[in-house]
Amino acid sequence: MTVAKRRWLMKSEPSVFSIDDLARVKRTSWDSVRNYQARNLLRDDVKVGDEVLFYHSSADPAGVAGVARIARAAYPDPSQFDKKSEYFDPKAARDAPPWVVVDVEFVRKLPRVVTLAELKANPALAEMVVTKRGSRLSVQPVTAAEFAAVLAMT
DNA sequence: GCCAACGTTGGC
DNA sequence: GCCAACGTTGGC
């Protein structure tokens, strides 16, 4: 059975982990998601091979900085059990871990950051989640048309 | 640094 | 189950 490839936008603060960091390490586990809506997407919908717009949040400028790919589907986030981790969750049960991570691999860095202001100004992206007011979700679905439109803006 | 938007928590 | 208080996100 073939599952259609999906596309996502994933936010990262570049001061913590940037597209250049991903380019250097090639692959990383996408940890620290502690929001139920984002968790549900990671757990249920994000699959190997899915394409990702790597978005720099809390950055100057904020915007899409590169492309990544899902290298491994959801598995339990080890940091939820690590008492020394800032992501430790005392309520996390070993037999039913609430938090998951996926692995993300580097595909390419865009020649320039496509800024949020540009995304908002593009009528083709009017329905894109990240352009909506108060859009805080750190893992967002992106349509194939939106994905192509963003890359075409570079 | 400010603050609007949003999610979560907890008292009732 | 409601909702006020609180904490966080993230653009500006």
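Letters A, B, ... mirror the listed sequences (proteins, then strands); counts begin at 1.
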Student: Please report the shortest heavy-atom distance between A:Ala38 and A:Val33, naming the atom on each side.
Tutor: CB-CG1, 3.7 Å

Student: Applying salt bridge (Lys or Arg N to Asp or Glu O under 4.0 Å) as the test, list every pair that has at least one member in residues 73-87 of chain A; sequence neighbours left out.
Tutor: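 Found A:Arg34-A:Asp77.
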
Student: Show the atom names and distances, to 0.1 Å, of all donor-acceptor pairs under 3.5 Å that link a side chain in residues 138-154 of chain A to residues at least two apart or in another chain.
Tutor:
{"from": "A:Gln140", "atom 1": "OE1", "to": "A:Val130", "atom 2": "N", "distance (Å)": "3.1"}
{"from": "A:Gln140", "atom 1": "NE2", "to": "A:Ser135", "atom 2": "OG", "distance (Å)": "2.9"}
{"from": "A:Gln140", "atom 1": "NE2", "to": "A:Leu137", "atom 2": "O", "distance (Å)": "3.0"}
{"from": "A:Thr143", "atom 1": "OG1", "to": "A:Glu146", "atom 2": "N", "distance (Å)": "3.0"}
{"from": "A:Thr143", "atom 1": "OG1", "to": "A:Glu146", "atom 2": "OE1", "distance (Å)": "3.4"}
{"from": "A:Glu146", "atom 1": "OE1", "to": "A:Thr143", "atom 2": "N", "distance (Å)": "2.9"}
{"from": "A:Glu146", "atom 1": "OE2", "to": "A:Met128", "atom 2": "N", "distance (Å)": "3.4"}
{"from": "A:Thr154", "atom 1": "OG1", "to": "A:Leu151", "atom 2": "O", "distance (Å)": "2.8"}

Student: Where do A:Arg43 and A:Asn40 land on the side chain to side chain contact (heavy atoms under 4.5 Å, CB included) test, with the steps shown first?
Tutor: CA-CA 5 Å; A:Arg43 187 189 59 193; A:Asn40 291 347; 3.4 Å; yes

Student: Specify the angle, to 10°, made by the local axes at the two ends of the helix from B:dG1-C:dC12 to B:dC12-C:dG1 when five pairs are taken at each end.
Tutor: 10°

Student: Does A:Arg27 use its side chain to pair, donor to acceptor, with the backbone of A:Asp103 at less than 3.5 Å?
Tutor: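 Pair absent, no side-chain N/O of A:Arg27 close to backbone of A:Asp103.
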
Student: Taking A:Asp20's backbone N and O only, do any of them form a donor-acceptor pair with A:Ser18's side chain (distance below 3.5 Å, no angle check)?
Tutor: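 Yes, because the side chain of A:Ser18 sits within donor-acceptor range (under 3.5 Å) of the backbone of A:Asp20.
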
Student: Could you go through residues 51-59 of chain A and list every donor-acceptor pair under 3.5 Å that involves a side-chain atom there, pairing it with any protein atom two or more places apart or in another chain?
Tutor:
{"from": "A:Glu51", "atom 1": "OE1", "to": "A:Arg7", "atom 2": "NE", "distance (Å)": "3.4"}
{"from": "A:His56", "atom 1": "NE2", "to": "A:Ile19", "atom 2": "N", "distance (Å)": "3.1"}

Student: Under 3.5 Å between N/O atoms: give me all the protein pairs with nucleotides 1-4 of chain B, atom names plus distance.
Tutor:
none

Student: Does the separation of the ring centres of A:Tyr75 and A:Trp99 fall below 6.0 angstrom?
Tutor: no

Student: Which letter, B, S or -, goes with each nucleotide of nucleotides 5-12 of chain C from 5' to 3', with contact meaning a protein heavy atom under 4.0 Å?
Tutor: --BBSBSS

Student: With a 4.5 Å cut-off on side-chain heavy-atom distances among I, L, V, M, F, W and Y, is there a chain of contacts connecting A:Met10 to A:Val67?
Tutor: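 No, because A:Met10 and A:Val67 fall into different hydrophobic clusters, even though each may have its own neighbours under 4.5 Å.
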
Student: For the backbone of A:Pro61 and the side chain of A:Thr115, can you confirm whether one donor and one acceptor N or O come within less than 3.5 Å of each other?
Tutor: no

